[in-house]
Amino acid sequence: MSDKPVVRLEKDGDIGVIIVNYPPVNALGPGVADGIIACLNQANGDPAIKAMVLMGDGRSFIAGADIRGFGTGRKRAPLGERTYDVMDRSPKPIVAAIHGFALGGGLENAMGCHYRIAVPSAKVGLPEVLIGILPGGGGTQRLPRLAGPQVALEMIVSGRHVPAPEALKLGIIDELVPAGADMRETAVKKARAVANIRPLPRVRDRAAHADPGIFDAMRKSIARRARNQKAPYNCILAVEAACTLPFEDGMKREQDLFLELENADEAKALRYAFFAEREVAKLPDMPASMKAADFSKPAVIGAGTMGGGIAMSFADFGYDVRIMDATEEGLTRGMDRIRNNYATSVKRGSLAQDEMDRRLARIHPVAGYDDIADCDVVVEAVFERMDVKKPVFEQLDRVMNPDAFLFSNSSALDLDDLASVTKRPEKIAGTHFFSPANVMKLLEVVRPPRAAPDTLATAMALGRRIGKISAIAGNTDGFVANRSRAPFNSEMVILLEEGCLPEQVDKVMIDFGYPMGPFAVGDLAGLDIGAEGRKRRLAANPNYRTLPIADKLVEMGRFGQKTGAGWYRYDKSDRTPHPDPFVADLIAQVATQMGVRQKTFTDEEILRRLLFSSINEACKIMEEGKAYRASDIDVMWLHGFGFPRYRGGLMFWADGIGVRDVYNQIASWHQQYGERWAPSALLRQLAESGTSFRDAKPAPFV
Ligand code: 3H9
């Protein structure tokens, strides 16, 4: 922590420069708002100062309110006595000088200033909705006045960060700092140039007019993605107020709408998710000297669906990437698939044609191992079988530079066993992508026991550099994400044996907040994939719980969307899942053969059967030391499986139910169903001691 005050006033001739210094990102932590007010008062009281600049030290302007303060009952200055109120009353002009980020309360303070300049790399935005609240510092009242209600609505409801050049076009900032010029000097010059302009241009004095239809249109457009949530709708109401009420009344309305949100479950879950995503980057038992290598030449082995998606991820983030396959046809097919995927994005309007061309040009198909020998990092994405992967690693070990990192995209296999075919087990780790690899944000970094710290740091950094969230997992069958999800996948099929239908289970999970139901997801991913894993597990463990209904579908060639039928049937060139009476009959037949009694289920029973099975497994993972924290598992579920973010994550959701209730239910299902519901020892301990899942202490990582 720096020994400078959190806010200071420096003099630059006749200009007072107010500098916020609250590392790392200048959140409005304790003392910052008071400090800004004190400096404004001091500058206004100093006849030698003609105008002021407000800026941030370090890497950012102001990243917003201190999120850790929400829900803690912290005191806020009353309306009329906040920083931007003092700015509004300031007799002297204030210029905001923005670099890094002006987010949330940061942009709200900038909009309280009379002028705004920004360096071209800066970003501005009101992302409060992403943590379940609304911009409660006048953002919903000032942005519609500054940029127009339509723009404000879009920015506030999406929470997106707007790059400075776009913010200039939208009227949010007045000027960009010219390339090569010093921001502070430019801001001081600007302050001097406007020192005598009166009246001072205050955002609050502008009017915001809107076609009333835009608000309903926005409500309609978010209906699906914002279901079960309140914050996006309160954001809309607040912007609506800016267009219909006088400024002071609008501020009161904003405050009321804000207070409805701050302590709601939605905001608590989203705040938790925000910090969980930052915590996940920390590997507590690694030496401080651990450093990521600076790779620049990635290669991908295997041009199948996963390999292609991984290559696209590299290309999307500016890397030239080489891709190879066992056969020339495989490579050609893979490149065609990549081209088609990009073309679909162009057709949908989410990618420009010239950007597609640039990305495609970064993906270089190559014929053999010698063509990648100078690469510094390789991601293997060949077929998920040890006897296919081992020869690939032997070859890689032979041709690659000894410093190169060799990563495997396996989703379950023993990476220590794989590493043993090389002379560099310390350079080997897992980088498990989720399908579609260029879309899903999770990168599960798997840590086999012999991986060196720098190898793990490099794998974690690799994810970050291609826009993923990296989370570390132990080397256990299915690693952490798929292993914790596996019981859910079994249980959903067992529910069918007991009387549910795929569409019923899917509806429960969609109502819970998933974008798609698990059976529809299975059809999308391909049912043949799960069948391979089940075969392998059954071979290893004769007591493995088989899933005869799922196996029968695969035997019949019903692999899902790709074959036009799976759990559902699909019309040609349409991805809509249609319930299939054939599947209902098959379920009934198998259930009869198995002698399972049919019953009806409530939605709550379905939800709990699926999620509790995974919570129990997650506890087993932690008790075996295969994950650092319950919150890491939550991050995996949020970004690997589409768990609804406003529910925090699997384990956070479980805490909402209570560890004792979860344990009691699992113990009772253990009695009813037998071994597969045996409660984890850690779960029992947590229940006995009344410790939450979040506070659970996993065994040391192995
Ligand atoms: C708001 O403003 C409400 C207002 O309307 C007023 C209503 C009353 N608070 O992400 P990083 C920490 S709501 C507390 O790794 P990056 C973060 O936890 C707020 N802490 O850096 C991490 O700590 P640690 C609206 C915060 O460079 C460290 O800073 N604003 C906050 O990848 C570094 O963070 C937002 O929602 C915060 N506001 O990304 C912006 N921000 O090292 C939230 C960061 O201990 N922040 N930390 O793990 C962000 O989106 C990103 O941090 C940012 C930088 C893009 C700024």
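Order of listing sets the numbers, starting from 1, for every ligand and every atom in it. All heavy atoms count here, side chains included; hydrogens, waters and symmetry mates do not. We're numbering straight along the sequence, starting at 1.
Checking atom 8 (C) of ligand 1 against the protein gives a heavy-atom contact under 4.0 Å. Contact annotation for atom 23 (O) of ligand 1: protein absent (non-hydrogen atoms, distance under 4.0 Å). Within a 4.0 Å radius of atom 32 (O) of ligand 1, the protein contributes no heavy atom.
For ligand 1, the atoms closer than 4.0 angstrom to any heavy atom of R59 are 16 (P), 21 (O), 27 (O), 33 (C). The ligand atoms of ligand 1 that sit less than 4.0 angstrom from a heavy atom of G64 are 2 (O). Close approach of ligand 1 to P127 is summarised as follows: ligand atoms under 4.0 Å from at least one heavy atom of the residue are 30 (N), 35 (C), 36 (O). For ligand 1 and E108, the ligand atoms under 4.0 Å from any heavy atom of the residue are 4 (C), 5 (O), 6 (C). For ligand 1, the atoms sitting less than 4.0 Å from at least one non-hydrogen atom of F275 are 18 (O), numbered in the order shown with element in parentheses. Annotation for ligand 1: atoms under 4.0 Å from non-hydrogen atoms of G104 are 2 (O), 25 (C). Close approach to D66 involves these atoms of ligand 1, each under 4.0 Å from a residue heavy atom: 9 (N), 14 (C). Near G136, the atoms of ligand 1 lying under 4.0 angstrom from a non-hydrogen atom of the residue are 5 (O), 7 (C).
Nearest protein heavy-atom contact of atom 35 (C) of ligand 1 is A63 O, 3.6 Å. Nearest protein neighbour of atom 42 (O) of ligand 1, counting heavy atoms only, is K282 NZ, 4.3 Å. Taking atom 38 (N) of ligand 1 as the reference point, the nearest protein heavy-atom neighbour is A65 O, 2.9 Å. Protein heavy atom at the shortest distance from atom 46 (N) of ligand 1 is F274 CZ, 3.6 Å. Of the protein's non-hydrogen atoms, the one nearest atom 47 (N) of ligand 1 is V25 CG2, 3.9 Å. Among protein heavy atoms, the minimum distance from atom 51 (C) of ligand 1 is reached at R278 NH2, 4.0 Å.
Of the possible polar contacts, none joining the Q141 side chain to the G137 backbone as a donor-acceptor pair under 3.5 Å is found. Looking only at distances, a side-chain donor or acceptor of T186 sits under 3.5 Å from a matching main-chain atom of D182.
K92 NZ: more than 12 foreign heavy atoms inside a 6.0 Å radius.
In terms of polar-atom proximity, R74 is not counted as a contact of ligand 1, lacking any N or O under 3.5 Å from an N or O of the ligand. Any N or O atom pair closer than 3.5 Å counts here, and F258 shares no such pair with ligand 1. Checked by distance only, ligand 1 and F70 stay at 3.5 Å or farther apart across all their nitrogen or oxygen atoms. Among the atoms of E128, some N or O lies under 3.5 angstrom from an N or O of ligand 1. Polar contact with ligand 1: absent for P135 (N/O pair, distance under 3.5 Å). Among the atoms of G105, some N or O lies under 3.5 angstrom from an N or O of ligand 1.
At a heavy-atom cutoff of 4.0 Å, ligand 1 is contacted by the side chain of I131 but not by its backbone. Within the 4.0 Å heavy-atom criterion, both parts of I67, backbone and side chain, lie near ligand 1. For E279, no heavy-atom contact with ligand 1 is shorter than 4.0 Å. Residue A27 touches ligand 1 through its side chain alone, judged by heavy-atom distances below 4.0 Å. Counting heavy atoms closer than 4.0 Å to ligand 1, residue P24 contributes side-chain atoms (C-beta onward) but none from N, CA, C or O.
The structure places CE of M636 at 10.0 Å from CG of D634, a figure rounded to the nearest 0.5 Å.
Under the 30°/60° scheme for interplanar angles, the aromatic rings of F314 and Y319 are found to stand perpendicular. Using cut-offs of 30° and 60° for the angle between ring planes, the F434 and H432 rings count as tilted.
With contacts defined as side-chain heavy-atom distances shorter than 4.5 Å, the pair L283/M460 qualifies. Here the side chains of L443 and I469 are not in contact, with every heavy-atom distance at 4.5 Å or above. No side-chain heavy atom of P453 sits under 4.5 Å from any side-chain heavy atom of K291.
Comment: E266 does not engage K268 in a salt bridge, judged by the lack of any side-chain N to carboxylate O separation of less than 4.0 angstrom. Ion pairing between K230 and D265 fails under the 4.0 Å rule for side-chain N and carboxylate O.
Looking at E279 and S631, their side chains never bring a donor and an acceptor atom within 3.5 Å of each other. N44 and S90 share a side-chain donor-acceptor pair at under 3.5 Å.
Pairs of residues two or more places apart, or lying in two chains, that qualify as salt bridge (charged side-chain N to carboxylate O under 4.0 Å, His left out) and include a residue from residues 65-83 are R74-E262.
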Open item on the list: For S692 and L686: C-alpha separation, side-chain torsions, deciding distance, then whether side chain to side chain contact (heavy atoms under 4.5 Å, CB included) applies.
Closed with: CA-CA 7 Å; S692 67; L686 295 176; over 6 Å; no
Task: side chain to side chain contact (heavy atoms under 4.5 Å, CB included) evaluation trace for Y628 with D285 - done: CA-CA 9 Å; Y628 283 120; D285 58 350; 2.4 Å; yes
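The shortest separation from a heavy atom of K123 to ligand 1 is not under 4.0 Å, leaving the residue out of contact.
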